[in-house]
Amino acid sequence: MRRVAVSCSGSGSGSSSADEEGMTYKGAGVDIDAGTELVRRIRKMAPGIGGFGGLFPHGDEYLVAGTDGVGTKLKLAFETGIHDTIGIDLVAMSVNDIVTSGAKPLFFLDYFATSRLDVDLAEKVIKGIVDGCQLSNCILLGGETAEMPDFYQEGEYDLSGFAVGAVKKDKVIDGKNIVEGDVLIGLPSSGVHSNGFSLARRVLERSGLSLTDPLPRNDGVTTTVGEALMAPTVIYVKQVLEIISKGGVTGLAHITGGGFTDNIPRVFPKGLGAKIVTGSWEVPPVFKWLQQVGKIEDAEMLRTFNLGVGMVLVVSKDAADRILEESSPAYRIGEVIQGEGVHYA
């Protein structure tokens, strides 16, 4: 398998030495295999789980629910002082999940926990959540603020969110209509989004750079490391629902923890898999920097980060060209093939 991310040019600040080992997500403290095993065990108790969103029948509709947090991206929010967009990330992680079923988000609830409530800081966070709801065409219906002395470090907090949407039963997208030869279309991400930060933070430590230093890149654009890492997660709801409304979409995968390798197969019927053509989309400079400094193997990058594609649409051959034209920027990144799993070419 050839390298997905082209190495950043230049050496000096931000480069890694030859004797440093390649970094991994597991080495940074996150074991994806353990998470997969837990899901397998939970399925024995609750057989309906495993999709991007949970479906609950209600009349002629399904209510679709999802929940998530923003992981250790919060650590960088504390360090950078950027609190007004982390709420967008929180909303995005749940609404992007439920839209993969074709569901229109209806409402969102949040949970904000801290050791001592800083009202001004909390207001910034909640404002981001409201902004995220507006971008999703849903409402912030309620939430919980928990003050828990001695549980969190001073000035730190944790977040989780819960989204509920609805889709007509005859309009639900469940992957059952995916066939061999369907086309995979990738919608671009804004950067790392809200997954892989335990590894990204380790790479930052190795690089010797601070969050206020310029991100090494060769495209003529100037951004700091902190700005690149804290870029808010794209909310795909409006774009995806518009694409779905015109037909041709047979499946959707939100590229979060597990990257391409673990998320794309979640939408396929048994016996089908994906061929991904690496190099068929633009990989943002932040991923090239992460891979170079961390000496991260291709397979690890593909199972940890979104690499510039935050949502993958599975579409019929007949609809592919139209969707690509109407959704620009978008990338034709592969196709559905016989045989399970993701294969890279």
Side-chain angles (χ1 to χ4, degrees), residues 1-8 21-28 30-33 35-36 52 96 100 175 178-193 195-196 199-200 203 234 236 249-317 320-321 323-324 327 329-345:
M1 181 176 67
R2 62 190 177 92
R3 184 162 291 276
V4 174
V6 179
S7 296
C8 296
E21 292 184 358
M23 303 179 80
T24 66
Y25 207 12
K26 186 173 182 178
V30 179
D31 189 341
I32 294 176
D33 291 327
T36 301
F52 288 100
N96 286 343
T100 63
I178 294 174
V179 297
E180 182 183 4
D182 279 357
V183 176
L184 303 180
I185 294 176
L187 302 182
S189 70
S190 59
V192 185
H193 281 183
N195 292 99
L199 179 53
V203 173
V234 175
Y236 295 100
V249 178
T250 55
L252 295 120
H254 184 200
I255 308 304
T256 56
F260 289 84
T261 304
D262 286 0
N263 283 296
I264 294 177
R266 295 169 66 182
V267 305
F268 290 147
K270 279 191 172 183
L272 294 180
K275 181 177 78 173
I276 301 293
V277 180
T278 59
S280 59
W281 69 91
E282 182 179 350
V283 177
V286 66
F287 295 111
K288 300 175 184 179
W289 173 72
L290 287 168
Q291 182 168 30
Q292 182 195 32
V293 175
K295 294 185 177 296
I296 304 170
E297 294 293 330
D298 293 345
E300 193 70 18
M301 292 292 292
L302 288 159
R303 201 187 180 202
T304 304
F305 299 110
N306 67 62
L307 294 181
V309 173
M311 183 73 74
V312 172
L313 287 70
V314 187
V315 307
S316 66
K317 278 184 179 179
D321 288 340
I323 291 172
L324 281 164
S327 305
Y331 313 105
R332 185 190 294 258
I333 66 170
E335 64 180 341
V336 178
I337 60 173
Q338 287 289 334
E340 297 182 356
V342 178
H343 307 267
Y344 298 99

Open item on the list: Given I185, which partner from the list I333, V309, L324 fulfils the side chain to side chain contact (heavy atoms under 4.5 Å, CB included) test?
Closed with: L324
- [ ] Report the C-alpha distance between H193 and V234 in whole Å, list the side-chain angles of each, state the deciding distance to 0.1 Å, and finish with yes or no for side-chain contact (heavy atoms from CB on, under 4.5 Å).
- [x] CA-CA 7 Å; H193 281 183; V234 175; 3.7 Å; yes
Task: Flag side-chain contact, heavy atom, 4.5 Å: T24 against I296 - done: no
Task: I337 versus K275, closest heavy-atom pair with distance - done: CG2-CB, 3.9 Å
TODO: Determine yes or no for a side-chain-to-main-chain donor-acceptor pair under 3.5 angstrom, with T100 supplying the side chain and H254 the backbone.
DONE: no
Open item on the list: For V314, is there any backbone N or O sitting under 3.5 Å from a side-chain donor or acceptor partner on T250?
Closed with: yes
Task: Under 3.5 Å donor-acceptor, E297 side chain and G22 backbone - done: no
Open item on the list: Nearest 0.5 Å, please: how far is CZ in R303 from CG in D298?
Closed with: 15.0 Å
TODO: Before accepting this row, confirm whether a basic side-chain N of the pair D182/K317 lies closer than 4.0 Å to the acidic partner's carboxylate O.
DONE: no
Task: Closest non-hydrogen atom pair between Q338 and L272, with its separation - done: NE2-CD2, 3.8 Å
Open item on the list: So, taking the atom named CG in L307 and the one named CG in L302, what distance separates them when rounded to the nearest 0.5 Å?
Closed with: 5.5 Å
- [ ] Flag the pair F260 / W281 as yes when their ring centroid distance falls below 6.0 Å, and as no otherwise.
- [x] yes
Open item on the list: Measuring from atom CZ of F268 to atom CD1 of I178, what distance do you get when rounded to the nearest 0.5 angstrom?
Closed with: 5.5 Å
TODO: Determine the sole option in V283, I255, N195, L199 for which the side chain to side chain contact (heavy atoms under 4.5 Å, CB included) test with F305 is passed.
DONE: L199
Task: Sub-4.5 Å side-chain heavy-atom contact between F287 and V192 - done: yes
Open item on the list: Using every non-hydrogen atom in the two residues, find where N96 and Y236 come nearest and quote the distance to one decimal.
Closed with: OD1-N, 3.0 Å
- [ ] Any chance you could lay out the side-chain contact (heavy atoms from CB on, under 4.5 Å) test for V277 and Y344, step after step, and finish with the verdict?
- [x] CA-CA 6 Å; V277 180; Y344 298 99; over 6 Å; no
Open item on the list: Under the criterion side-chain contact (heavy atoms from CB on, under 4.5 Å), I'd like the reasoning laid out for L184 against V315: C-alpha separation, chi angles, the key distance, then a yes or no.
Closed with: CA-CA 6 Å; L184 303 180; V315 307; over 6 Å; no
Open item on the list: Counting C-beta onward and ignoring hydrogens, is there a side-chain heavy-atom pair between L252 and V312 closer than 4.5 Å?
Closed with: no
Task: Within 45° cone and under 6.0 Å: R266 NZ/CZ vs F52 ring - done: yes
Open item on the list: Looking at every non-hydrogen atom in both residues, tell me the closest pair between P269 and G175 and how far apart they are.
Closed with: CG-O, 3.2 Å
Open item on the list: Tell me if the CD atom of E282 is crowded by more than 12 foreign heavy atoms within 6.0 Å.
Closed with: no
Task: Taking every non-hydrogen atom, the tightest pair across A330 and P188 - done: CA-CD, 4.4 Å
TODO: For residues G196 and Y25, report the shortest heavy-atom separation together with the two atoms involved.
DONE: N-OH, 3.3 Å
Open item on the list: Can you confirm whether K295 sits close enough to E21 that some side-chain heavy atom of one is under 4.5 Å from a side-chain heavy atom of the other?
Closed with: no
Task: Side-chain heavy-atom pair I276, E335 within 4.5 angstrom cut-off - done: no
- [ ] For the residue pair N306 and S189, confirm or rule out a side-chain donor-acceptor distance under 3.5 Å.
- [x] yes
Task: Heavy-atom donor-acceptor pair, N263 side chain to G257 backbone, under 3.5 Å - done: yes
Open item on the list: For K26, is there an ion pair with D33 - N to carboxylate O distance below 4.0 angstrom?
Closed with: no
